Chemist: 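There's a structure below that I have some questions on.
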Amino acid sequence: MAKVKVAYDNYWQQVMDTMRMGLLLVSRDGKGRPNAMAIGWGTMGIVWSRPMFVVLVRHSRYTHQCIDITGDFTVNVPYPQMAKDVQFCGTVSGRDYDKFTERGFTAGDSATVDSPFIEECGLIYECKVVQYTDVVPDNFAPEIIDHFYAGGDFHRVYFGQILWVTADEDFPARLG
Ligand SMILES: Cc1cc2nc3c(=O)[nH]c(=O)nc-3n(C[C@H](O)[C@H](O)[C@H](O)COP(=O)(O)O)c2cc1C
């Protein structure tokens, strides 16, 4: 399926809706191997006058190491029939599995960043990290830290400037 360039905010609603199932964040490890992890938290908007995808990655994730190496990532919006792929990428680590091989993903060459994208996904955001910051435990409302960080493992927040966005020609009709 040919992908065409689209405006970053064309499908904002569809991205937010799909995030309930999970999006796929792709980066590369130190050996250049692509790795995909599921993300359910993130947002898209304008920061520093630039279109930005903001994602939260816990320190324990292999992806954390990968993004710190590459300095970029892609956000891949899967179709509903890829739910099992998302679950897999959200429960096993790239330290132990080659998730692209396991799930039969095709790695596409991005136009603007080193991290590849997943051809089978319908909508792709190519993002360059322009800022990252670690959440500060002291600054949380108690209901957030108690609920989400009882075991520690805090998040690093990556601000990915959106450089290039492509979608399948029949996206979002295929979302159903
Ligand atoms: C639907 C779903 C959404 C998730 N969202 C996030 C997230 O936003 N941030 C995060 O750090 N982990 C999230 N996870 C957990 C990671 O995807 C999971 O730990 C994954 O195995 C990490 O892979 P890696 O070690 O290859 O980076 C999510 C898992 C699922 C199933």
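We number each residue from 1, following the sequence as shown. Predicted model only: the values in this text are computed from it and were never measured. The basis for the numbers below is simple: all heavy atoms, side chains too, and nothing from hydrogens, waters or symmetry mates. Order of listing sets the numbers, starting from 1, for every ligand and every atom in it.
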Chemist: Which of the atoms of ligand 1 are close to Met21, meaning less than 4.0 Å from one of its heavy atoms?
Modeler: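 Every atom of ligand 1 under 4.0 Å from some heavy atom of Met21: 1 (C).
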
Chemist: Only one of Val165, Asp114, Thr112 clears side-chain contact (heavy atoms from CB on, under 4.5 Å) with Glu126; which?
Modeler: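 Of all the options given, the one that passes is Thr112.
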
Chemist: Quick check on contacts: which atoms of ligand 1 are under 4.0 angstrom from a heavy atom of Arg58?
Modeler: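 Atoms satisfying the 4.0 Å criterion: 11 (O).
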
Chemist: Just verifying a value: how many Å separate Gln65 CD and Asn35 CG, rounded to the nearest 0.5 Å?
Modeler: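 Going from the CD atom of Gln65 to the CG atom of Asn35 covers 10.0 Å.
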
Chemist: Run through Thr133, Val57, Asp134 and flag the one making a side-chain contact (heavy atoms from CB on, under 4.5 Å) with Val157.
Modeler: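 Result: among Thr133, Val57, Asp134, Thr133 is the only option passing the side-chain contact (heavy atoms from CB on, under 4.5 Å) with Val157.
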
Chemist: Give the minimum heavy-atom separation between Val86 and Pro78, together with the two atoms involved.
Modeler: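 The pair with the smallest heavy-atom distance is CG2-CG, 3.7 Å.
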
Chemist: Among all protein heavy atoms, pick the one closest to atom 15 (C) of ligand 1 and tell me residue, atom and distance.
Modeler: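 It is Arg61 NH2, 3.6 Å.
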
Chemist: For Phe88, is the NZ or CZ atom of Arg103 found under 6.0 angstrom from the centre of its six-membered ring and inside 45 degrees of the ring axis?
Modeler: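 Checked: cation-pi criterion met.
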
Chemist: For Tyr62, take its heavy atoms, then give the atoms of ligand 1 lying under 4.0 Å from any of them.
Modeler: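 Counting from 1, the qualifying ligand atoms are 24 (P), 25 (O), 26 (O), 27 (O).
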
Chemist: If you measure every N or O of Val92 against every N or O of ligand 1, does any of those distances drop under 3.5 Å?
Modeler: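 The answer is yes, given that Val92 and ligand 1 share an N or O pair closer than 3.5 Å.
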
Chemist: Does a donor on one side chain sit under 3.5 Å from an acceptor on the other, for Asp168 and Tyr79?
Modeler: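 Asp168 vs Tyr79: donor-acceptor pair found between side chains.
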
Chemist: Looking at Gln87, which atoms of ligand 1 are within less than 4.0 Å of one of its heavy atoms?
Modeler: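 Contacts of ligand 1 toward Gln87, numbered from 1: 31 (C).
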
Chemist: Taking everything shown except Asp96 itself, do over 12 heavy atoms lie less than 6.0 Å from its CG?
Modeler: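 Enclosed: over 12 neighbouring heavy atoms sit under 6.0 Å from CG of Asp96.
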
Chemist: Checking ring pair (Phe, Tyr, Trp, His ring centres under 6.0 Å) against Tyr125, which of Phe73, Phe53, Phe117 comes through?
Modeler: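 For Tyr125, the ring pair (Phe, Tyr, Trp, His ring centres under 6.0 Å) test succeeds with only one of Phe73, Phe53, Phe117, which is Phe53.
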
Chemist: Say whether Lys99 and ligand 1 are in contact under the criterion: heavy-atom distance to a ligand atom below 4.0 Å.
Modeler: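 Right, Lys99 reaches ligand 1.
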
Chemist: Just need the protein heavy atom nearest to atom 25 (O) of ligand 1, so name the residue and atom and give the distance.
Modeler: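 Answer for atom 25 (O) of ligand 1: Ser93 OG, 2.7 Å.
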
Chemist: Between Asp29 (side chain) and Arg33 (backbone), is there a donor-acceptor pair under 3.5 Å?
Modeler: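 Between the backbone of Arg33 and the side chain of Asp29 there is a qualifying donor-acceptor contact (under 3.5 Å).
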
Chemist: Regarding Asp68 and Tyr158, do their side chains bring together a donor and an acceptor under 3.5 Å, going by distance alone?
Modeler: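 Yes, side-chain donor-acceptor contact under 3.5 Å.
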
Chemist: Give the residue and atom name of whichever protein heavy atom lies nearest to atom 26 (O) of ligand 1, and the separation in Å to one decimal.
Modeler: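 For atom 26 (O) of ligand 1, the nearest protein heavy atom comes out as Gly94 N, 2.7 Å.
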
Chemist: Give the residue and atom name of whichever protein heavy atom lies nearest to atom 10 (C) of ligand 1, and the separation in Å to one decimal.
Modeler: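 Protein heavy atom with the smallest distance to atom 10 (C) of ligand 1: Met37 CE, 3.2 Å.
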
Chemist: I need the nearest protein heavy-atom contact for atom 3 (C) of ligand 1: residue, atom name and distance, please.
Modeler: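 The closest heavy atom on the protein side is Gly40 N, 3.3 Å.
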
Chemist: Starting from atom 20 (C) of ligand 1, what is the nearest protein heavy atom, named by residue and atom, and what distance separates them?
Modeler: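 Heavy-atom neighbour on the protein nearest atom 20 (C) of ligand 1: Cys89 O, 3.4 Å.
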
Chemist: List every atom of ligand 1 that sits less than 4.0 Å from any heavy atom of Asn35, numbering the atoms from 1 in the order shown and giving each element.
Modeler: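 Counting from 1, the qualifying ligand atoms are 24 (P), 26 (O), 27 (O).
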
Chemist: Give the residue and atom name of whichever protein heavy atom lies nearest to atom 7 (C) of ligand 1, and the separation in Å to one decimal.
Modeler: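 Checking every protein heavy atom, the shortest distance to atom 7 (C) of ligand 1 gives Leu56 O, 3.6 Å.
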
Chemist: I need the atoms of ligand 1 closer than 4.0 Å to a non-hydrogen atom of Val57, numbered in the order shown.
Modeler: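 That gives atoms 11 (O) of ligand 1.
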
Chemist: Of the protein's non-hydrogen atoms, which lies at the shortest distance from atom 17 (O) of ligand 1, and what is that distance?
Modeler: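 Ranked first by proximity to atom 17 (O) of ligand 1 is Ala38 O, 2.9 Å.
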
